[in-house]
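Worth knowing before you read on, the calculation uses all heavy atoms, side chains too, and leaves out hydrogens, waters and symmetry mates. Below, read A as the first sequence line, B as the second, and so on, with proteins coming before strands; counting in each chain starts at 1.
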Amino acid sequence: MSTLSILIETTVILSVVFVVLAYLYYKLSTAKMSLSKAADAKGYEDSESYVTDMMAGKPRRLDWSILYMNDSKSIGLRFIFASLIFLFIGGAFGVMMRLSLTEPVPTIIQPEVYNVLLTEHATIMIYLFTVGMSLGLGFYLIPTQIKAVRDNMGNITSVAFWLYLVGGIFFVISRSAFRWYLYPPLSLQLAPYGAGSDAWLGILAMELIFIGISMASIVALKIIFLDRSKEVPLSRLPLFTWSIVFTLIMLISSDPPIMVALGMLFYDYFNPVFFTAGSHNVLLFTDLFWFWGHPIVYIAILPFFGIIYELLPRFSGTKIYSYNSGVFGLGLLMVLSELVWGHHLQNSGLGLNWDLFFSIASFAVVIPSAITVFNWIATLWTATSIRLTTPMILVLNGIIDFIIGGITGVMLANTSVNEILHGTYAVTSHFHYVFVGISLGITLAAFYVLFPTFSGGRTYDERLARWNAYLVAFGSLLMSTSWAIGGWLGMPRAVDGYFAWFQPYQVGAIIGGVIIGIGMLVFLYNIAVSWWKAPSTDMDNIIENPPEIPSDTSGGAIGGGR
Amino acid sequence: MEGNKAGVGVVIIIAIVVALSFSYVLTTPTGSQKQTIPSNPAYTNTTYLWADAAGWNFNHGVVNPTLNYTVGTVVTFKVTEADTAPHTLTINPGGSVSNPISGESRSGAYTVLSIAQITQTKGHQSQGQFYFSKPGVYTYWCTVHPTTMVGLIYVNSTSGSSSATVAPQSVLSGPSNINPNLQYSSYLDMYTISGTAGGTFEL
């Protein structure tokens, strides 16, 4: 291709892109203009407070005005739907990775592309999908749950959202191949072409994402603690709000180290002094990363524990068995999550004493997890009537998956077992049990519950939703169980090939992954078809407008706790 | 407003964005291209190389030697791992002494030996073939150590001609030519540990 044709093509493409962007900007500024005119007519100084007053206390449906209205619920919808888009991107990459492993040697895609898919799948799912969905559900549900009296920092949250989105786009464009934990000798290796050549953009994207989610977290905590109605004291804060509180405290207390480390890493591109291979500081980076990297995996599940706490009583017709122990379990998870980062580094040379400390601290995580799970089981035990709707099926599946994933996780925390199992598919199976069961499954459950509100009074197709729930649940179980067995036999993870005698376990995982993919396509089809129909019901949902639960729950085996 | 179909729009956006990012990532340029080795070549040649992060043939003769072949030669590269770092043997057309891996020359790269084939076992020898069907300058290099392990290949147009032959020379004698910071951070330890620094490597 000649230089001239490249120039012409680039010019045409850029012109088209800028025309589209200019049109979008025109639409946005016109909408903002009409909004401020409407605010003027109502006697408001600024359109922000007009929007927040207009939207306060009302169910918020999805429309394009979420892009310029800066009230909490609009921004929550932005986060929810942006992270849904990222979920599908990351999921497509994951399914592609599975498909590429149909044979022991890489056949469908090149090893370099596999590395990119691996990095993008993990990073998109953890930083963009789960964190975005947590913030989204938080911003969407919390103003109702705490009856917020003030909502005046929407413009800051809006900036945070756009930083997060731009970071996500940059990360996909960067085609990084340094895994989701950005270890320096690899992330500093600007491969001269193709995969990994834009690793610097990946680092920049991570920094943008971190700035965005930190800003949003601080604003959310401010809303919860300072803008709460007097009717909702801390002692009666809903459990979902508690889970968001703990999540966000965890987030903003543990991400400064990695943000600093990312800055140093970026400096290393120009003058390699901090984390170069021979400087003995590479282990320091892993510490700085995992000090954040362990809390992030709790950040990815705690808000969904909160959603389970909200959904269980609605579908079992009783109260949560013990509110106090629920709060205590979530809070203890927050505290312990800050003390166990070293179990990701048990074979990195921290020394036996530290390994044992982190191992024991990891065993201690069983206590809050068991409190939480037994709280759910006791709620189900004392329930008078359990309605097995689609969200409830997903919740039950999430609880089962969390139990399996938790037990396999405790096994990994054992220092001696970890020496054998680290870097095998056993690790992958552990966190996919939890992430697919809790993060993905409960996201789907929450989406189904909130669907009438999002869509302005439409109902989803119950039969398709059932198929979605069953396919995702079964596919996850098949995939993770195949990995667990193969991992205990020594199947190494994160590589584009495997020894041929691991074939059965890989085939099981491939079938499971494809089943999850089909299940998610059913979900997408369900949304499109259901949204196409005319609204047929009201916009209420059971999380924001809880139905009356009878105070007398004596029908259960124990008679109800608190 | 009651009957808006924003959700359908979101589904369409999801489909478009997923398709775009999917095709973007799957078309990541990689170092590997297809190459057919003729079964009955005009000439054959066997070249021995030592893969060392400090440069090809480091401690084994001239570092990063310039190689000369006749057009139509199938060269069998026998590469021995000299340290424990991952390496590749990648060849692409184009290049010059001053700028061996310039932007233009990166397209059309062919990885003769991958990281998996050059195992990180010291002393292990692996072999791969490359068919030089066209005359001109080629660059051979390692994608993991592109600044240190890089050298030139001259393929002349006619058999026996010496016009394109250049005497072997060290194109890049060491990492200190590229980035002075690497001297103290990455490579200092390597030499002190292996004990081969001596007077050969200027600090």
CD1-CG distance between A/Ile109 and B/Leu26, expressed to the nearest 0.5 angstrom: 6.5 Å

Atom pair OG1 (B/Thr111) and CD (A/Gln110), whose distance is rounded to the nearest 0.5 Å: 9.0 Å

Per-residue contact mode, B/Leu20 against chain A (heavy atom under 4.5 angstrom): neither

Residue pair B/Tyr24 / A/Ile173, side-chain heavy-atom distance below 4.5 Å: yes

B/Val10 side chain near A/Ile527 side chain, heavy-atom distance below 4.5 Å: no

A/Tyr183 OH: over 12 foreign heavy atoms closer than 6.0 Å: yes

Region of A/Phe88 that comes under 4.5 Å of a non-hydrogen atom in chain B: both

Part of A/Ala534 within contact of chain B (heavy atom distance under 4.5 Å): neither

Nearest heavy atoms of B/Val18 and A/Ala92, plus distance in Å: CG1-CB, 3.8 Å

Residue pair B/Ser21 / A/Ile89: nearest heavy atoms and the distance that separates them: OG-CG2, 3.5 Å

